[in-house]
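Structure first, then comments.
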There are 2 protein chains.
Amino acid sequence: MMKINKNLTISEVSEFSGVAGSALRFYEKKGLIHSTRTSGNQRRYHSSMLRRIALIQVAQSVGFTLEEIILELESLPMNKTPTKRDWERVANKWQADLEDKMKRMQFLKDNLAGCVGCGCLSMKKCQLLKPNDFVQKQGIWHPKVNQ
Amino acid sequence: MMKINKNLTISEVSEFSGVAGSALRFYEKKGLIHSTRTSGNQRRYHSSMLRRIALIQVAQSVGFTLEEIILELESLPMNKTPTKRDWERVANKWQADLEDKMKRMQFLKDNLAGCVGCGCLSMKKCQLLKPNDFVQKQGIWHPKVNQ
DNA sequence: ACTTGACTTAAAGTTAACTTTAACAATTAT
DNA sequence: ATAATTGTTAAAGTTAACTTTAAGTCAAGT
């Protein structure tokens, strides 16, 4: 049975986090996570790394790339449990980015709604679905819609 | 100067939509868009294809993969201007999927907020940041936070 | 001590969504 | 008519985010 507070092996971290060992090694190469080594060169992870990995997972699930996540997490310390301030900094930054993304989605959703609601599909008004002014001016964008 | 309602060449479609010609050919191979051919085998696009391409762009911008977009758009006719019903079917389907995505993001955002608001970072309560029960039970998940 | 299972690395393979290249054909402008 | 531009294909290259493989090393149980 596992001891509390021992350093975790890669397969333990993999099991707990649901992230494949190969991916953990890959993340480490990218500088996203960190491990220490045993005398025999095997990786050992501090338990705080689990939280960091969970954050990475969540960030990915909402569409952040690993490069973006590196930026999001760069102010979170690797080796110590983050302080409240560390955490706040990261969470605020992340929330702002999330808010951005959501605003864009809401905009798209609203415009779609407009298109559906209106009889002629609102193509003339729909900012979303006009590739550019040229098309609009040439009148090739919104031909008659078959009813 | 371009005539209204003529069939569009690939470079015209590319200019209007902002999508590279190579991407348009790629989309066609995937079955996302459609073109007719001149006697000399060059592609010509109906203007309604511009709207379809714009839809593809927008869908991609909110994180749908091309495979997902193929599914979203499969009930939109390729060769004719879509009817109101065609359009409604697609828009409703798409809106539902968007709503799903947004709900997930909101959930994540809320949980992040909880983590920030609480003194101990709410790790024990935060569903989001617990990889699984095991970790929680072993007490390795939420070690003391440095203040 | 020894065997089995877990771990290590480097390098090659995978999928998505394209782009680039090469070699050649069709259109358009003069 | 001819040059310049635009288009065609197939095949190889690109980036992200990994996985798989190969060949060898370490750690744990008996």
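Here is the naming used below: chain letters follow the sequence lines, and residue numbers restart at 1 for every chain. What you see is a predicted model; the values in this text were computed from it and never measured.
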Over how many whole Å does the gap from [X] atom [atom1] to [N] atom [atom2] extend?
| X | N | atom1 | atom2 | value |
| --- | --- | --- | --- | --- |
| B/Ile10 | C/dT27 | CD1 | P | 14 Å |
| A/Glu28 | C/dT8 | CD | P | 9 Å |
| B/Lys29 | D/dA10 | NZ | C1' | 7 Å |
| B/Arg37 | C/dA26 | CZ | P | 13 Å |
| A/Glu67 | D/dA17 | CD | C1' | 10 Å |
| B/Leu24 | C/dA17 | CG | C1' | 13 Å |
| B/Asn7 | C/dT27 | CG | C1' | 16 Å |

Inset, instruction - Look at all strands and tell whether B/Ser11 reaches a base, only sugar-phosphate, or nothing, counting heavy atoms closer than 4.0 Å. - result: sugar-phosphate
Inset, instruction - For A/Arg25, report the nucleic acid contact type (base, sugar-phosphate, nothing); a contact means any heavy atom under 4.0 Å. - result: base
What nucleotide among [options] has an atom nearest to a side-chain atom of [X]?
| X | options | answer |
| --- | --- | --- |
| A/Phe26 | C/dC18, C/dT27, D/dC18 | D/dC18 |
| B/Ser39 | C/dT27, D/dT19, C/dT19 | C/dT27 |
| A/Gln42 | C/dA6, D/dG7, C/dA17 | C/dA6 |
| A/Ser22 | C/dC7, D/dT20, D/dT9 | D/dT20 |
| A/Asn41 | D/dT8, C/dT8, C/dT19 | C/dT8 |

Quick one: does [X]'s side chain have a donor or acceptor within less than 3.5 Å of a partner on [Y]'s backbone?
| X | Y | answer |
| --- | --- | --- |
| A/Glu12 | A/Thr9 | yes |
| B/Gln60 | B/Gln57 | no |
| B/Arg43 | B/Thr38 | no |

[X] side chain N/O closer than 4.0 Å to the phosphate oxygens (OP1, OP2) of [N]?
| X | N | answer |
| --- | --- | --- |
| A/Gln60 | D/dC18 | yes |
| B/Tyr27 | C/dC18 | yes |
| B/Arg43 | D/dT9 | yes |
| A/Thr38 | D/dA27 | yes |
| A/Thr9 | C/dC7 | yes |

Legend entry - Given A/Ser14, A/Ser17, A/Ser48, the one that forms side chain to side chain contact (heavy atoms under 4.5 Å, CB included) with A/Ile53: A/Ser17
Inset, instruction - Identify which one of A/Gln42, A/Glu28, A/His46 satisfies the side-chain hydrogen bond (donor to acceptor under 3.5 Å, both in side chains) criterion when paired with A/Ser35. - result: A/Glu28
